[in-house]
2 protein chains.
Amino acid sequence: MARVSPDLSFLVDKASESLAVRMTAALADLGLTARQYCVLDKASAGDRTQGQIAEEALLDKTTMVTTLDGLERAGLARRVPSPTDRRARLVATTDAGEALVEKAAAVIQDLYDEVLGVLGPEREALVDGLFRLVGPGGPLAVDADAARPRRSSRA
Amino acid sequence: MARVSPDLSFLVDKASESLAVRMTAALADLGLTARQYCVLDKASAGDRTQGQIAEEALLDKTTMVTTLDGLERAGLARRVPSPTDRRARLVATTDAGEALVEKAAAVIQDLYDEVLGVLGPEREALVDGLFRLVGPGGPLAVDADAARPRRSSRA
DNA sequence: TATTGTTATACTCTATAACTATA
DNA sequence: TATAGTTATAGAGTATAACAATA
């Protein structure tokens, strides 16, 4: 949104938005939202509770509920009681869910390859650079606490 | 939100979000929102109507209205009748607005320098790479038409 | 008493539609 | 008839708070 040159904020915002649009479209062909894919992917990795997946995916637990509702309705995931904590539920992928996650991962990988492909050998530099900004210790590291801004901006 | 590796979407989303948080905080010290700064900056460039600024800033015209209301209340901008079209209004910055825009631009430049500084000489490569993705003809170019997704995602 | 997941609700942000005045 | 700006309203998305079951 800013107007300094070279406008880092603009570049990064547009990249984020455009990529989201592309991913949304690509996943929509498979009947998935980006968030559903994200949750399904983490669920397919192993025994995780709703809360754990919510934390990994940076989702509110209430958002997690509706996302899982959707995945269950679609027959892609199931909530199964945790054997160790009767309050908690593990998220299990169904066979259909597992198959779809793999298909979706391939679709996304193709998309990334297409996008980054235009950079040629500098492709690595961009990804590395972004990781250095966003990763642990970087100036744009997402520190889980200070995360949510929550202020009303008023115009 | 995705989980492919290296996860371009995650990197870019987090960079965008973190930078927005930093910019919001930095500008809040000056009493500005990012959007107000963006509009004020474009207004300071010369004779532009609300509609023209809205288009440049990728804002809806109704969002423009409330943003300008805020800027006028704060004494940073004024709406002046267009001499050539009595329907239109030009956005003029006040002296206070002009001074604040300059201060804000410096604050943001400092922030960018701080963030990009950690990359050292690869700084250019990152910015260039992002521009190649997002800029005209790039795989993530924002084409003004297909811009808004507007679909209900349902879980 | 604290925590997992659920429900219901409120809030923020932004777009849509309808309107006025000009062109 | 179309456009600039305004107003009022509705929609999507997400968080907050209160609750039930269990730890």
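A, B, ... follow the sequence lines: proteins, then strands. Residue 1 opens every chain. Computed from heavy atoms alone, side chains included, the values below leave out hydrogens, waters and symmetry copies.
At a threshold of 4.0 Å, the pair B/K14-B/D7 does not count as salt-bridged, since none of the basic side-chain nitrogens sits closer than that to a carboxylate oxygen. We find that A/K61 and A/E55 are not joined by a salt bridge, their nearest charged nitrogen and carboxylate oxygen being 4.0 Å or further apart. Classification of B/E72 and B/R79 as a salt-bridged pair holds, one side-chain N sitting under 4.0 Å from a carboxylate O. Under 4.0 Å is where a charged nitrogen must lie from a carboxylate oxygen, and between B/D29 and B/K103 no such pair does.
Counting only heavy atoms from C-beta on, B/R35 has its side chain closest to C/dT14 among C/dT14, D/dA17, C/dG5.
Checking the phosphate oxygens (OP1, OP2) of C/dT6, a side-chain nitrogen or oxygen of A/R79 falls inside 4.0 Å. OP1 or OP2 of C/dT4 has not a single side-chain nitrogen or oxygen of A/Q52 nearer than 4.0 Å.
Here C/dT14 presents its P atom at 14 Å from CE of B/M64, a figure rounded to the nearest Å. For the pair B/L59 CG and D/dA4 P, the interatomic distance rounds to 16 Å; values are reported in whole Å. To the nearest angstrom, P of C/dT4 lies 16 Å from CZ of A/R48. Whole-Å rounding puts the B/D60 CG to D/dG11 P distance at 17 Å.
At a threshold of 4.5 Å between non-hydrogen side-chain atoms, the residues A/L116 and B/P139 do not count as touching.
Across the interface with DNA chain D, nearest-nucleotide mapping of B/T49 and A/T63 shows B/T49 to be the residue nearer the 5′ end. Nearest-nucleotide assignment on DNA chain C puts the 5′-proximal partner with A/A88, out of A/A88 and A/T62.
In the hydrophobic cluster analysis, where Ile, Leu, Val, Met, Phe, Trp and Tyr join through side-chain heavy atoms closer than 4.5 angstrom, B/V65 is grouped apart from B/I53.
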When every nucleotide of nucleotides 18-23 of chain D is labelled 5' to 3' by its protein contacts under 4.0 Å (heavy atoms), B for base, S for sugar-phosphate only, - for none, what sequence of letters results? ---BBS

